[in-house]
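The structure appears below as structure tokens.
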Number of protein chains: 4
Amino acid sequence: MALLQKSIDKRTALLKATLTLVNNGGIQEASMAKVAKTAKVSPATIYLYFQNKQDLINRLYIEVKTDFTNMAFSDYTPNNPVKLSFEQIWFNMMNFKLNNPDEASFLAQCDNTPMIDEPTRQEGLTKIQPLFELMERGVKEDLIKNISPYLLYAYTIYPMTFLINMHKRNLHPLNQQTLKDAFQSAWDSIKI
Amino acid sequence: MALLQKSIDKRTALLKATLTLVNNGGIQEASMAKVAKTAKVSPATIYLYFQNKQDLINRLYIEVKTDFTNMAFSDYTPNNPVKLSFEQIWFNMMNFKLNNPDEASFLAQCDNTPMIDEPTRQEGLTKIQPLFELMERGVKEDLIKNISPYLLYAYTIYPMTFLINMHKRNLHPLNQQTLKDAFQSAWDSIKI
Amino acid sequence: MALLQKSIDKRTALLKATLTLVNNGGIQEASMAKVAKTAKVSPATIYLYFQNKQDLINRLYIEVKTDFTNMAFSDYTPNNPVKLSFEQIWFNMMNFKLNNPDEASFLAQCDNTPMIDEPTRQEGLTKIQPLFELMERGVKEDLIKNISPYLLYAYTIYPMTFLINMHKRNLHPLNQQTLKDAFQSAWDSIKI
Amino acid sequence: MALLQKSIDKRTALLKATLTLVNNGGIQEASMAKVAKTAKVSPATIYLYFQNKQDLINRLYIEVKTDFTNMAFSDYTPNNPVKLSFEQIWFNMMNFKLNNPDEASFLAQCDNTPMIDEPTRQEGLTKIQPLFELMERGVKEDLIKNISPYLLYAYTIYPMTFLINMHKRNLHPLNQQTLKDAFQSAWDSIKI
DNA sequence: TATGAATGAGTATTCATTCAT
DNA sequence: AATGAATGAATACTCATTCAT
């Protein structure tokens with residue numbers, strides 16, 4: 001038990017260290033030596049928990065993405081009206097990103113980078129399936145434009161990354177009003 | 001003249017080589033040795049044109065961003081109606097990205113990455129000033145919501161990156177119809 | 001008893017694993033981790049049976065050499081005529097190498113390599129003492145040239161290594177005829 | 001010119017360093033770091049002259065083998081009688097090994113080790129072609145047994161390795177008499 | 001302007017070995 | 001007797017950068 005806990009702690013420390021380092025200087029700054037030192041562990045120990053650097057990054061991606069979508073769909077009730085559910089999910093996502101800036105920043109960095117390999121990227125994609133299903137329902141109920149889910153995603157969820165980035169860089173702070181405006185734009189872009 | 005041209009060619013070749021390499025494997029794959037080899041030049045020669053690797057990346061960013069905005073505003077006429085101008089700019093940007101996938105991919109990679117240093121990022125931002133001014137005019141003319149330009153950008157321009165990415169990965173091809181849908185969503189998200 | 005047997009099995013498995021690995025890629029390929037994995041044992045377990053890697057290799061050498069010489073002298077009868085005994089031993093050795101290619105290959109690799117330490121090498125040398133005595137007898141009986149036993153060994157036994165190597169690499173297969181020729185050459189080189 | 005000489009010197013120093021280190025502790029002791037330090041050069045410099053460690057070893061093998069055979073056939077005259085030529089070559093080889101113990105020891109280590117890759121081994125083999133042709137002539141002239149050249153080699157040349165090894169370890173010194181005996185055994189093993 | 005050669009510090013990964021259980 | 005976890009030091013190799021020419 002104690003042993004197992006220690007192992008879990010080490011694994012977690014390694015993931016956390018990687019997250020921090022990648023955020024601060026990109027994947028190139030997150031050398032295995034630095035990850036090890038940050039996690040207070042020998043470089044060799046990393047390889048007890050991960051196959052190699054790519055695996056470490058992939059696993060981190062999946063775990064962060066999972067945390068993110070778990071939060072996003074935490075109170076999702078398929079029977080609720082589409083717009084209500086959509087609003088809940090949207091604000092859950094935004095709140096996750098606001099409350100977990102490191103995780104948000106990491107996910108943003110993964111988006112347009114060859115950091116993550118394709119299979120892992122696909123695996124991550126499956127996590128937001130419920131959102132796609134909700135949108136589909138909205139289309140059927142004539143609430144949402146009958147356009148590709150990729151378009152719907154591009155104009156409602158994807159802009160968050162930019163807004164969070166501007167927020168972090170103090171160029172455009174997100175508060176109750178701006179969040180409201182942002183959501184309104186998201187909804188306006190897809191509603192019929 | 002011939003000598004000067006040769007120099008320019010070399011500089012251009014170096015930038016092009018960097019672009020290609022960064023696109024294919026991220027910044028970590030674009031080692032100075034590889035850049036030199038790809039540009040058919042000695043590694044030492046790079047340092048005649050750029051101070052160091054960071055400078056090389058920064059300059060590439062500025063040049064690509066400049067090409068991009070030059071195209072975007074190529075036919076911009078301040079006296080034209082807001083929506084017409086906005087539409088022109090929007091499609092110019094999209095066409096640039098579709099016609100220059102390498103440049104588009106590179107810019108996308110720069111967005112959420114510590115690759116580019118902050119001053120250079122700011123410099124890049126100034127290039128789209130005309131768009132911000134156009135939006136401001138739209139706000140004044142009660143055509144566009146009275147919200148932060150960052151929000152306007154987030155919901156009209158930023159989604160392009162995602163759409164181009166999906167297009168490149170063959171997950172959601174962009175054609176006349178989908179482009180039209182995309183623009184409509186962009187406009188819907190900000191129009192009053 | 002069952003417990004003891006299990007121990008012996010493990011030790012044997014470790015030696016066998018080492019043999020295989022060294023044969024396939026030299027001593028550098030036979031890492032303790034790989035030896036352990038091949039023997040289906042924890043790395044730490046190796047150190048219950050052997051002091052360290054050098055000891056493991058040394059012990060393997062001695063055991064293989066012992067097997068080899070046991071076979072060589074299995075039917076040795078000191079009273080038999082010199083040439084008959086010599087022939088028996090020669091073919092026994094050859095047959096051992098042909099029937100146990102892994103052991104043969106390992107011994108060959110040990111011959112001119114600093115893999116085995118000097119004391120262990122000496123220990124291995126004592127195992128073929130009976131052959132040296134037989135040769136001495138042959139010298140006394142005026143059947144064999146009165147030259148150093150090292151010379152006698154060099155021209156009768158040592159060439160086997162080369163022939164086995166060529167056989168293994170399919171460059172010069174050993175069959176009844178070529179074996180006969182080989183023995184003839186061996187004998188011709190030392191007979192008076 | 002001076003530059004080129006410096007390059008050649010470095011390459012030579014690297015090969016020499018490798019030779020020494022491999023002789024003293026096998027290929028596993030000849031780490032790139034040690035080779036570099038021994039040659040008084042940066043580790044990175046090795047890779048200016050050799051593709052990787054395997055290439056370094058391969059090249060060393062070829063160069064040493066070339067030196068060896070150059071010496072062996074230095075005074076070879078195809079028109080001379082077979083036995084005379086054979087004797088010249090045999091003593092040339094032996095003298096090379098006696099005068100260049102490091103090279104001899106290295107070649108011995110290469111014989112039964114996976115150190116050298118197969119293509120390079122084949123390349124090395126071609127260097128002793130003249131010896132095989134000489135033996136063929138001896139067979140035609142009814143001076144040498146009509147047996148495979150591999151057998152002829154095994155009983156005349158290959159034993160040198162063992163004798164040199166014993167000589168080096170002071171177990172059986174080679175002097176004029178023992179060399180004469182050795183050659184006699186070699187010849188006796190193959191002559192008709 | 002342009003270069004090939006050179007490098008010390010760094011890269012990801014593996015090593016032989018130990019230790020708490 | 002046996003182990004999985006752990007490690008500091010080592011591995012082969014690459015890096016961004018400099019320098020003599």
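Reminder, nothing fancy here: chain letters follow the sequence lines and each chain counts from 1.
Between A:K37 atom NZ and F:dA6 atom P the separation is 20 Å, expressed in whole Å. The separation between C:I46 atom CD1 and F:dA2 atom P is 13 Å, rounded to whole Å. Distance A:Q28 CD to F:dC15 P: 12 Å, rounded to the nearest Å. Remark: P of F:dC13 and CD1 of D:I57 are 11 Å apart, rounded to the nearest angstrom. Taking atom CZ of A:F50 as the reference point, atom C1' of E:dT14 lies 18 Å away to the nearest angstrom. Across the protein-nucleic acid pair, B:L14 atom CG and E:dT3 atom P stand 10 Å apart, rounded to whole Å.
Rounding to the nearest 0.5 Å gives a distance of 12.0 Å between CD of B:Q54 and CZ of B:R59. The distance from atom CG of B:N24 to atom NZ of B:K34, rounded to the nearest 0.5 Å, is 10.0 Å. From B:Y49, atom OH reaches atom OG1 of B:T12 across 9.5 Å, with rounding to the nearest 0.5 Å. Distance OG1/C:T18 to CG/C:N23: 10.5 Å, rounded to 0.5 Å.
No side-chain N or O of A:S105 forms a donor-acceptor pair with one of A:D102 less than 3.5 Å apart. A donor-acceptor contact under 3.5 angstrom links the side chains of A:D117 and A:T120, judged on distance only.
Note on D:R11 versus D:E63: salt bridge recorded, some NZ/NE/NH1/NH2 to OD/OE distance being below 4.0 Å. Note on A:K65 versus A:E123: no salt bridge recorded, every NZ/NE/NH1/NH2 to OD/OE distance being 4.0 Å or above.
Residue C:M32 is in base contact, counting any heavy-atom pair closer than 4.0 Å across all strands shown. Among the atoms of the strands shown, only primed sugar atoms or phosphate atoms (P, OP1, OP2) are found under 4.0 Å from some heavy atom of D:Y49. As judged by a 4.0 angstrom heavy-atom cut-off over every strand, A:T45 is placed among the base-contacting residues.
If C:V41 and B:N52 are placed on DNA chain F by their nearest nucleotide, the residue sitting closer to the 5' end is C:V41. If you find the closest nucleotide of DNA chain E to C:S31 and to D:K40, the one lying nearer the 5' end belongs to D:K40.
Proximity of C:N58 to C:F50: side-chain heavy atoms (C-beta onward) are nowhere separated by under 4.5 Å.
When distances run from any side-chain atom of C:K53 to the nucleotides E:dA6, E:dT17, F:dA2, the shortest one goes to E:dT17.
A stem is defined here as three or more consecutive Watson-Crick or G-U pairs, each with both distances under 3.5 Å; for DNA chain F these stems are E:2-21 with F:2-21.
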Identify each atom pair where a protein N or O and an N or O of nucleotides 18-20 of chain E are less than 3.5 Å apart, giving names and distance.
none

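At the phosphate of E:dA2, OP1 or OP2 sits under 4.0 Å from a side-chain N or O atom of B:K10.
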